[in-house]
There are 2 protein chains.
Amino acid sequence: MQTEHQIKLENQLCFSLYATSKEVIKLYKPLLDTHGLTYTQYIALMVIWEHEAISVKALGSKLYLDSGTLTPLLKKLELQGFVTRTRLESDERTVIVAPTLAGWQLQKDILTVPESLYCQLQHTAADLFTLKKQLDLLLETLVK
Amino acid sequence: MQTEHQIKLENQLCFSLYATSKEVIKLYKPLLDTHGLTYTQYIALMVIWEHEAISVKALGSKLYLDSGTLTPLLKKLELQGFVTRTRLESDERTVIVAPTLAGWQLQKDILTVPESLYCQLQHTAADLFTLKKQLDLLLETLVK
DNA sequence: TAAAATTAAATTGTACACAATCTTATAAGT
DNA sequence: ACTTATAAGATTGTGTACAATTTAATTTTA
């Protein structure tokens, strides 16, 4: 019975995570569309802006993504003129990604995104509450 | 300052959701691999098992997925012999998905998945705690 | 009841996601 | 120095995601 309970608990959590994550990402879409960005491109840029210059490797470990995903994504951002990709002189294996002037301008233009998204989070409150309950339950049993 | 706080809060939540969701899905991978299933196929089967027979439309609304994703996915499950896809006689537009005998057997075989995954959740405890904190903070401001 | 609107899947095209492999560059071991 | 091992990206192949369009079936409505 204990096991039965755990199975359900865990399933609900994984599904809540999956569903809530999707809901929130979906909120970003229209806002990012106006800037010609996808969600993954957006979070990649967030990390790039934060570090000002970062290797593909380091970027990947922050985003839990590998070069198979990042290489084409960064090439697109480069094509759009938002970042540069440069091999490190001291180690030609490493590619450094950094914002261009247009990339820094984009950061300014995009400041409104998280703000207007925050207002919309009201619409996902139910999902967030469900997730919270499941998290609380799970963490309680994990910790004991 | 309030706005600044909201921006950061929101960014952290969306990223926590993204990261934690990925972490948990990654835990499933080796377990599901042994059954030849992907994570999406697994959660689709979970819903199909629960309903015993369900339309593509209804399945999609449960999983937040459309026919563009589900049609190829269900064709693969059909090819693997786990489900049947049948047009409804009373409405030829609707496709009903149901488990085959092999599909029901798979359900029995796969019961161990959530159990052994639950044990591994310990490893994601830190992420889960971060997510919980952000959820609590956010919900507090959303509710007030 | 015939035309228009709606609906459910399927299809098409773009963009991740990730395992596996390949290429090139650097580091280690002999 | 030479071989081997390791490391960082790029590439390839499969599998989602999802918007947009298409097709065929069912409803609605004029």
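The figures that follow rest on heavy atoms only: side chains count, while hydrogens, waters and symmetry mates do not. Chain letters run A, B, ... following the sequence lines, proteins first, then strands; residues in each count from 1.
Donor-acceptor pairing under 3.5 Å, judged by distance alone, is present between the side chain of B:R93 and the base of C:dT7.
Projected onto DNA chain C by closest heavy-atom contact, A:I43 and A:E92 fall at different nucleotides, the more 5' of which corresponds to A:I43. Between A:P72 and B:K75, it is B:K75 whose nearest contact on DNA chain C lies nearer the 5' terminus.
Atom OH in A:Y28 sits roughly 19 Å away from atom C1' in C:dA15 (whole-Å rounding). One can place CG of B:D33 at 14 Å from C1' of C:dA17, the figure rounded to the nearest angstrom. If you take CD of B:E23 and P of C:dC18, they are 11 Å apart, rounded to a whole angstrom. The separation between A:L79 atom CG and C:dA15 atom C1' is 14 Å, rounded to whole Å. B:I54 places its CD1 atom 14 Å from the C1' atom of C:dA8, with the value rounded to the nearest Å. Atom pair A:L32:CG and C:dA15:P shows a separation of 14 Å (rounding to whole Å applied). What separates CG of A:D91 from C1' of C:dT24 is a distance of 11 Å, to the nearest Å. Following rounding to the nearest Å, B:L70 (CG) and C:dA8 (P) show an atom-to-atom distance of 14 Å.
Bracketed by its first and final contacts, the part of DNA chain D lying under 4.0 Å from non-hydrogen atoms of chain B reaches from D:dG15 to D:dT26 in 5' to 3' order.
For C:dA10, one of the phosphate oxygens OP1 or OP2 lies less than 4.0 angstrom from a side-chain nitrogen or oxygen of B:T71. A sub-4.0 Å separation between OP1 or OP2 of C:dA8 and a side-chain N or O of B:R85 is absent.
Atom CD1 of residue A:I48 and atom CD of residue A:Q107 lie 11.0 Å apart, to the nearest 0.5 angstrom. Note: B:L121 CG to A:L13 CG = 7.0 Å, rounded to the nearest 0.5 Å. Taken to the nearest 0.5 Å, the CG atom of B:L73 stands 6.5 Å off from the CG atom of B:L70. With rounding to the nearest 0.5 angstrom, the SG atom of B:C14 is 9.0 Å from the CD atom of B:Q134.
Between A:L37 and A:L45 the shortest side-chain heavy-atom distance falls below 4.5 Å.
Between the A:S55 side chain and the A:A58 main chain, a donor and an acceptor come within less than 3.5 Å of each other. Not one N or O on the side chain of A:K132 forms a donor-acceptor pair closer than 3.5 Å with the backbone of B:D136.
By the 30° and 60° cut-offs, the orientation of the rings of B:Y42 relative to B:Y28 is tilted.
Contacts of B:T94 with the nucleic acid, taken as non-hydrogen atoms under 4.0 Å apart, involve only primed sugar atoms and P, OP1 or OP2. Using a 4.0 Å heavy-atom cutoff across all strands shown, B:T69 reaches at least one base atom of the nucleic acid.
Listed in residue order, the members of residues 55-67 of chain B having a heavy atom less than 4.0 Å from DNA chain D are B:Y64, B:L65, B:D66.
Between A:R85 and A:E78 there is a salt bridge, since a side-chain N of the basic residue sits under 4.0 Å from a carboxylate O of the acidic one.
Between A:P99 and A:E52, the shortest heavy-atom distance links the atoms CD-O, 3.0 Å.
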